[in-house]
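Position 1 is the first residue of the sequence; numbering continues from there.
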Amino acid sequence: MEVEGASPAIRSALESENGLGNGVVKKNSELKDKMEIEEPSAEVASNSGSRGGWEKGVARVKPEFLVKDHVRELDPKFLSAADQEKFGNPDISAALNAETDGKRGPKLKGRNKNRSKQNYREAVKVCSYISREADCPYGAKCRYSHDLKAYMQTKLPDIGDECVIYQRKGFCPYGLTCRFGASHLNADGTNKKADGFVEGSVVSDVKNGMTKDLQRNLRKRTFDFHDGGQQNKRGGKDRKKGRDVLVAAVEAKKSIVESVIEADAVAEDEDVAVADADIEDESMATGDIRDEEHIRLLPAERKRLNFAGKLYLSPLTTVGNLPYRRICKRLGADITCGEMALANNLLTGQQSEWALMVRHSSEDLFGVQVCGSRPDVMGRLAELLKAEVSVDFVDINCGCPIDLVCNSGSGCALMGRSQRIEGVVKNMISVLDVPLTVKIRTGIHDGKNIAHELIPKLRDWGVSQVSLHGRSREQRYTKLADWKYIAECAEVAAAAADGNPMPLFGNGDVMNYQDYYVGGHRI
């Protein structure tokens with residue numbers, strides 16, 4: 001730490017006194033008189049100009065924020081036997097802060113790696129079905145205990161008296177294992193239900209969780225993927241086959257409509273029921289046509305995004321989790337998106353990856369961001385998301401600069417492989433019934449921008465919206481984002497031949513509302 005205007009003697013004293021080890025806070029009474037901020041010298045004041053007499057490169061610290069009279073505190077149980085013998089005083093904190101002839105007390109060096117570690121694992125692991133007073137489907141083969149009395153004897157003590165879930169919903173699904181169970185457990189360990197509680201009335205605030213059955217099907221590869229991963233396996237080489245399948249689907253849809261119209265006409269003329277009409281395919285609908293399960297949506301039939309005038313909370317890896325998004329939603333965010341999830345991990349049923357799909361009831365406009373490089377894998381993922389996840393849009397991450405992601409061909413590496421990214425986009429669009437968006441960067445190499453070339457292609461392939469980070473992959477998060485180039489790309493996205501411009505979100509270096517409204521970052 002540097003103190004504005006402090007003399008070299010004070011700075012050297014600060015450097016010597018700040019050598020704190022082992023997480024022990026030292027007493028700064030000796031620095032109390034040294035920390036007084038001195039007035040800058042006349043030479044410094046003359047050279048600093050309009051900076052108010054402060055030296056350039058030195059942070060100004062207000063006196064009220066200076067650390068004073070801190071006392072070192074340490075629990076004796078974290079000391080080794082040698083250190084305890086060296087102090088010879090049961091009051092370790094007093095010995096640490098004792099002064100003899102103006103000198104500080106003894107110093108502690110190193111870490112006590114041999115100290116005992118407390119183990120909080122339960123001695124008896126009770127079956128989750130039994131704890132909820134339900135029948136265990138595994139019966140005698142269950143590897144968890146069904147003995148409630150043995151569990152009650154070894155259960156860890158409660159950490160609170162009131163269960164928030166029980167107060168809000170009238171029933172706690174954790175039952176006997178709840179660490180706040182004193183408020184809703186009987187003496188025999190059975191779970192209480194509040195007065196007026198109706199069975200089945202508890203509705204979870206979150207959705208998109210992975211069930212055990214789904215996890216089992218994914219891990220055993222028994223999940224029913226129709227044809228989401230069969231088209232465009234090699235990206236651009238099988239595009240013709242994909243177009244043929246789409247054309248055949250459109251023709252089949254037209255033939256169904258024509259058959260139904262013809263059957264209705266016959267029914268009117270001959271006064272017979274539509275059910276008696278001569279229709280070869282028995283699966284054809286004779287009333288309202290509901291063929292979503294058999295024929296994919298055409299581009300004109302797909303749901304459109306409406307992000308105009310809305311505040312978009314970008315997906316933030318390791319930051320944008322559910323609690324964070326709930327706070328931002330409460331503070332005014334309109335659009336939220338989950339953290340980046342890897343396609344292969346989702347398809348193999350990894351619980352940690354599926355936790356990124358969870359959506360809260362307050363998130364009325366919510367999307368998920370996925371990352372992958374193979375068109376067939378992304379096609380299967382699109383079908384999985386369509387069947388099991390409730391979202392308003394799906395975002396493909398083509399902007400992640402991390403080596404682990406790019407070395408596998410995913411993330412920002414996709415920007416340099418036009419045929420591969422085309423296969424990924426078209427394969428997912430052919431399966432999804434919600435809009436598809438793409439996150440990109442300015443390019444892969446610094447100074448070689450290619451986003452303006454990729455954006456028109458993404459629009460032609462059916463992408464509904466593009467988010468552009470104003471840095472290249474090589475830059476990662478260094479230097480400033482290029483908002484002039486983002487503005488140029490926004491003009492390219494708006495120049496649509498069919499008169500329907502594609503929305504473009506710019507991001508990078510928007511740290512506060514001044515950057516958003518005053519800094520010219522609203523593209």
Interatomic distance, NZ@K484 vs SG@C489, rounded to 0.5 Å, equals 14.5 Å
Looking only at heavy atoms, the pair that brings V61 and F65 closest together is CG1-CB, 4.4 Å
Please list every donor-acceptor pair under 3.5 Å in which a side-chain atom of residues 338-346 meets a protein atom from a residue at least two apart or in another chain.
residue	atom	partner	partner atom	Å
E339	OE1	T318	N	2.7
N345	OD1	Q350	NE2	3.3
N345	ND2	E353	OE1	3.4

Between K439 and L468, is there a donor-acceptor pair closer than 3.5 Å when you use the side chain of the first and the backbone of the second? no
Separation between OG (S128) and NZ (K212), nearest 0.5 Å, reads 8.0 Å
Please step through side chain to side chain contact (heavy atoms under 4.5 Å, CB included) for the pair F223 and E388, ending with a clear verdict. CA-CA 11 Å; F223 186 86; E388 301 293 339; 3.7 Å; yes
Next on the checklist: Using modelled atom types and a 3.5 Å cut-off, is there a donor and acceptor pairing between side-chain atoms of R441 and backbone atoms of S472?
Outcome noted: yes
### Task
Please examine the side chains of I455 and I440, heavy atoms only from C-beta on, and report whether any two atoms are closer than 4.5 Å.
yes
Q) Can you check whether P503's main-chain N or O pairs, donor with acceptor, with Q465's side chain at less than 3.5 Å? A) no
Do V492 and L504 have side chains that approach each other closer than 4.5 Å (heavy atoms only, starting at C-beta)? no
Begin with the C-alpha distance, continue with both residues' side-chain angles, and end with the deciding distance and a verdict on side chain to side chain contact (heavy atoms under 4.5 Å, CB included) for R380 and L384. CA-CA 6 Å; R380 289 198 298 271; L384 177 62; over 6 Å; no
With heavy-atom distances below 4.5 Å as the criterion, would you say the side chains of L218 and W354 are in contact?
yes
- Message: Contact between F393 and I335 at the side-chain level, heavy atoms closer than 4.5 Å - yes or no?
- Response: yes
### Message
In the structure I gave you, are the side-chain heavy atoms of K457 and I421 within less than 4.5 Å of one another anywhere?
### Response
no
d(L313 CG, F366 CZ) to nearest 0.5 Å is 10.5 Å
Heavy-atom closest pair (W483 atom, V510 atom, distance to 0.1 Å) is CZ2-CG2, 3.7 Å
* To do: Check for a donor-acceptor pair, side chain of R326 on one end and backbone N or O of S362 on the other, with a separation under 3.5 Å.
  => no
Counting C-beta onward and ignoring hydrogens, is there a side-chain heavy-atom pair between N449 and E488 closer than 4.5 Å? no
Is there a donor-acceptor pair closer than 3.5 Å between any side-chain N or O of E363 and the backbone N or O of H360? yes
Test side chain to side chain contact (heavy atoms under 4.5 Å, CB included), reference D446, set R473, K479, R471, output is K479
Practice item. Count the heavy atoms of every other residue, nucleotide or ligand shown that sit under 6.0 Å from CZ of R476, and state whether that count exceeds 12. Key: yes
Closest non-hydrogen contact found for S373 with S408 is OG-O, 3.3 Å
Between N507 and I486 the two heavy atoms that sit nearest each other are O-CD1, 4.0 Å
Rounded to the nearest 0.5 angstrom, the CZ-OG distance for R420 and S410 is 9.0 Å
Distance col, row L480:CG vs D509:CG, nearest 0.5 angstrom, shows 5.5 Å
| task | Please indicate whether I159 has more than 12 foreign heavy atoms, meaning atoms of other residues, nucleotides or ligands, lying under 6.0 Å from its CD1. | result | yes
Using modelled atom types and a 3.5 Å cut-off, is there a donor and acceptor pairing between side-chain atoms of R325 and backbone atoms of G320? yes
Could you tell me if N217 and T222 have a donor-acceptor pair between their side chains, going purely by distance under 3.5 Å?
yes
Closest heavy-atom pair, C406 versus A413, reported as atoms and distance to 0.1 Å, is O-CB, 3.5 Å
Keeping R359 on the side-chain end and S390 on the backbone end, is there a donor-acceptor pair under 3.5 Å?
yes
Would you check, one step at a time, whether the test side chain to side chain contact (heavy atoms under 4.5 Å, CB included) holds for L385 with V370? CA-CA 10 Å; L385 296 178; V370 295; 4.2 Å; yes
*For the residue pair F307 and Y312, does the interplanar ring angle fall in the parallel (under 30°), tilted (30 to 60°) or perpendicular (over 60°) class?*
tilted
Check: M357 main-chain N/O paired with N208 side-chain donor or acceptor under 3.5 Å
yes
Are any non-hydrogen side-chain atoms of M378 and N427 less than 4.5 angstrom apart? no
Q: Decide yes or no for P173 and I165: does some side-chain heavy atom of the first lie under 4.5 Å from some side-chain heavy atom of the second?
A: yes
Check your understanding: So, are R168 and D205 salt-bridged, with charged N and O less than 4.0 Å apart?
Key -> yes
Exercise for review: Go through the steps for F225 and L347 under the test side chain to side chain contact (heavy atoms under 4.5 Å, CB included), then give the verdict.
Suggested key: CA-CA 11 Å; F225 293 105; L347 290 172; 3.8 Å; yes
SG (C371) and CD1 (I402) are apart, to the nearest 0.5 Å, by 9.0 Å
Heavy atoms of V434 and V391 approach each other most closely as CG1-O, 3.7 Å
